[in-house]
Amino acid sequence: MSDQDRADLLALYRQMARGRALEDRVNALTNSREFRGFFHPGRGQEGIQAGVCSVLRKDDYLLYAHRGLTYLTAKGMDPVRILGDFLGRVGGSTGGLGAGTVHCVDVENGIMGQGGTLGSSFTLSAGLGLASQVLKQDRIATAFFGDGASARGTFLEAGVTIAAWKLPVLWICENNGWAVSARLTDVQGTDDIAPRAAALGFYTEVVDGQDVRAVQAAARRASEKARAGQPAFIEAKTSRVEGHYTGDVQPYRDKDDVAQAKERDPLLLAQTQLIELGASDADVSSIWDEAVAEMAAAEDRARLSPEPTGDRIFEGLWA
Amino acid sequence: MTSTEITYAWAINHAMDEEMARDPRVVLFGQDVGRMGGVFGVTRNLFEKHGPERVRDVSIVEHFVVGGAVGAALGGLRPIAEVQFADFLLVAGDESFHKLPKWRYMHGGAFTIPVVIRAPSGIQGGVGAEHSQSPEGHYWHTPGLKIAVPSTPADAKGLLKSAIRDDDPVIFFETRRLYRVKGLVSDDPELLVPFGQASVRREGSDLTVVAWAGMVPEVLAAAEMLAAEGLSIEVIDPRTLVPFDWETVAASVRKTSRLLIVHEAPLTMGPGAEIASRAADELFAELDAPVRRLAGPDVPIPQNMALEQFCFPQVPEIVAAARELIRW
Ligand SMILES: Cc1ncc(C[n+]2csc(CCOP(=O)(O)OP(=O)(O)O)c2C)c(N)n1
Ligand SMILES: [Mg+2]
């Protein structure tokens, strides 16, 4: 128990709080129909995204997934740009193409985007790892995905190549046990995803995704392996608290299952750990209040930017 | 600068060799491209010259070949990715129809995607329905891709060099029937063939024929036969479908008042439909005869080598169609 431990956990807590506070704003925009696309809330999974991103360097590559927003802000992206995308403003990271989380981009912070088709990030992360290796850059390429996406064929094709070429790649599977309404054990033959990666030649870690400190420790070990040319894989066991998308009332799911997921909230667990480490209630709540204020201000600023005109669709197809 | 007579395959090899020597960011990967030098011998010596870091064999992973090329480009390389047959590009559908053309646009233009996909295409040698196709039309129907369809060794070299230097993704269709065809090719490493500039292969006044890739030699042979009858055919090879040099085609049709499009891909929804439609739209008043298409029949390509010959337009058919249009 040291001051350093407390400071480290406060920093992780802050990133989880920022991700959740941003998500709360997006949920509100979705519920008010100001944002009319699909948003896939990441409530309950913030610990994985904050924990992994805490060990990455600014220039490490991130290919994120559709679930939540914590990886984006934890990797350094400005929430004004993210909200600009949701609001379909020119000031969004896609310059008005928005709307939604799907294609947020921030090259300076290594955020290389996301595909609309699940499983794209396996091959793309392999290519990014190849570039880093050939150009001798010492950057690692990370890709987040769910248990559902882990079934895509691209997992195998990219995985075997990453292992053969010893590419600096780290894959993070957020295993929440669901893909929309499909329970993992109904549609795949195993509960565990990591053994598949191990079979291909990845170093693997299986971790409790609700415990942000455990995720950080696993990510530290895994990212060091990846940077040294040993492809690595983290399977974080987690729970999806909300529906697949905002507005999904989950008729296919037991109420108990949702209630249990809420109890294992990574922010609540971190709060308990923080108090044990000597932080005060005021320390903890001020972090949350700051995050809420930051995201409210970000939304105000995002709104200052105009909406694009129709000719925007013809810009940027070609280099 | 000198020129040397080399094959179409070797011209492609020289383009890659020169560009890899010029720019260390150019890398090559695909099945058997390394020690073997490619199943058609197109990548010979590149592994020895440019090393295992930059010339890499892969397993049977077409999704990776295309998707990995996109990722490598995002990371600052200029990859050349080879699929053994153009048909296999369809295995990597998500990567070739989505990631490759759309990643830049979807992300608001944040990236460039300087990828070249080399795709050997067309009918030759009884390799059947899944190794013989000419799928350029599928890709022409997908905004965000440039498409090269060279018909001569000189164009193959010059267009591939342009493709490698281009910051946009290019699908480079190589006609397997032409790999052994020889022609004079400049040794000048700075001689590029620009995209979007058609080549008038033969000048004429009675009929414009648009053809590319493996159909150009057939159309030129037909034009030679028709010349003996006193019929004058203008043969236009667009060389790239995206961008498409419509101006050269339109100028020719204004002169000849007749247009025939010849391609190997199946007729229905084939690339010729696009050209014919545009001609009907923009050149209606210039035309003295209907715009006609000669194309592969709407069937899968059989493996029987005698039968596969019926799956792309042959010289006698081209001659007959040309005569009919001129006498309309
Ligand atoms: C190739 C493809 N198939 C289907 C979809 C539609 N889809 C979007 S998210 C999703 C569920 C994904 O489940 P998982 O990978 O476990 O991630 P989670 O939503 O649980 O975070 C599906 C089926 C898609 N976007 N892409
Ligand atoms: Mg899931």
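Worth saying up front: this structure is predicted, and the values here are computed from it rather than measured. Hydrogens, waters and symmetry mates play no part in the numbers below; they use all other heavy atoms, side chains included. So you know, we letter chains A, B, ... as the sequences are listed, proteins then strands, and number each from 1.
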*Measuring heavy-atom distances to chain A, does B:Lys146 have an atom under 4.5 Å in its side chain, in its backbone, in both, or in neither?*
both
*Does B:Trp103 use its side chain to pair, donor to acceptor, with the backbone of A:Met112 at less than 3.5 Å?*
yes
*Which heavy atom in A:Ile313 sits nearest to a heavy atom in B:Tyr105, and how many Å separate them?*
O-OH, 2.8 Å
*Contact origin within B:Ile60 toward chain A - heavy atom pairs under 4.5 Å*: backbone
_When you measure from the side chain of B:His107 to the backbone of A:Gln114, do you find a donor-acceptor pair of N or O atoms at a distance under 3.5 Å?_
yes
_Heavy-atom pair of closest approach, residues B:Phe111 and A:Ile111_ = CZ-O, 4.4 Å
_Between A:Thr161 and chain B, with a heavy-atom cut-off of 4.5 Å, which part of the residue counts as in contact: side chain, backbone, both or neither?_
side chain
*Provide the closest heavy-atom pair for B:Phe29 versus A:Leu130 in the form atom of the first, atom of the second, distance.*
CE2-CD2, 3.7 Å
*Minimum heavy-atom separation for B:Gly75 to A:Ala131, with atom names?*
O-CB, 3.4 Å
*Give, as side chain, backbone, both or neither, the part of A:Glu315 having an atom under 4.5 angstrom from any heavy atom of chain B.*
backbone
*asked:* Less than 4.5 Å to any heavy atom of chain B: does that hold for the side chain of A:Leu63, its backbone, both, or neither?
replied: side chain
*At a heavy-atom separation under 4.5 Å, does B:Val242 approach chain A through its side chain, its backbone, both, or neither?*
side chain
*For the candidates A:Ala126, A:Gly129, A:Ser93, A:Gly113, which exhibits the highest count of non-hydrogen atom pairs separated by less than 4.5 Å from chain B?*
A:Gly113
*asked:* I'd like to know which of B:Arg54, B:Lys99, B:His98, B:Lys102 tops the heavy-atom pair count under 4.5 Å against chain A.
replied: B:Lys99
*Please determine, among B:Gly68, B:Gly109, B:Pro114, the option with the most heavy-atom pairs under 4.5 Å with chain A.*
B:Gly68
_chain A contacts, top residue of B:Gly71, B:Pro169, B:Pro79 (heavy-atom pairs, under 4.5 Å)_ = B:Gly71
*Pick one of side chain, backbone, both or neither for A:Val134, based on which atoms fall under 4.5 Å of a heavy atom in chain B.*
both
*Does CZ in A:Arg36 sit with more than 12 non-hydrogen atoms of other residues, nucleotides or ligands closer than 6.0 Å?*
no
*Which atoms of B:Val65 come close to chain A, meaning under 4.5 Å heavy atom to heavy atom: side chain ones, backbone ones, both, or neither?*
neither
_Neighbour count >12 (heavy atoms, 6.0 Å) for atom CE, B:Met269_ = no
*Are there more than 12 heavy atoms of other residues, nucleotides or ligands under 6.0 Å from atom CZ of A:Phe38?*
no
_Between A:Leu317 and chain B, with a heavy-atom cut-off of 4.5 Å, which part of the residue counts as in contact: side chain, backbone, both or neither?_
both
*With a 4.5 Å cut-off on heavy-atom pairs, point out which of B:Thr112, B:Asp167, B:Asp94 contacts chain A the most.*
B:Asp94
*asked:* Can you confirm whether B:Glu282 is buried at CD, in the sense that more than 12 heavy atoms of other residues, nucleotides or ligands lie under 6.0 Å from that atom?
replied: yes
*With a cut-off of 6.0 Å (strictly less than), are more than 12 heavy atoms of other residues, nucleotides or ligands near CZ of A:Arg312?*
yes
_Given heavy-atom pairs under 4.5 angstrom as the criterion, report whether the side chain, backbone, both or neither of B:Ala110 touches chain A._
both
*Measure the shortest side-chain to side-chain distance between A:Val160 and B:Phe64 over non-hydrogen atoms and say whether it is less than 4.5 angstrom.*
no
*Could you check which of A:Ser121, A:Gly98, A:Ser120 has the highest count of heavy-atom pairs closer than 4.5 Å to chain B?*
A:Ser120
*Out of B:Arg56, B:Glu95, B:Glu62, B:Arg25, which one racks up the most heavy-atom pairs below 4.5 Å with chain A?*
B:Arg56
*NE2 of B:His63 to OG1 of A:Thr154: how many Å apart, nearest 0.5 Å?*
7.0 Å
_Using heavy-atom distances under 4.5 Å, tell me whether A:Tyr61 contacts chain B through its side chain, its backbone, both, or neither._
side chain
*CG/B:Leu74 to OG/A:Ser125 distance, rounded to the nearest 0.5 angstrom?*
11.0 Å
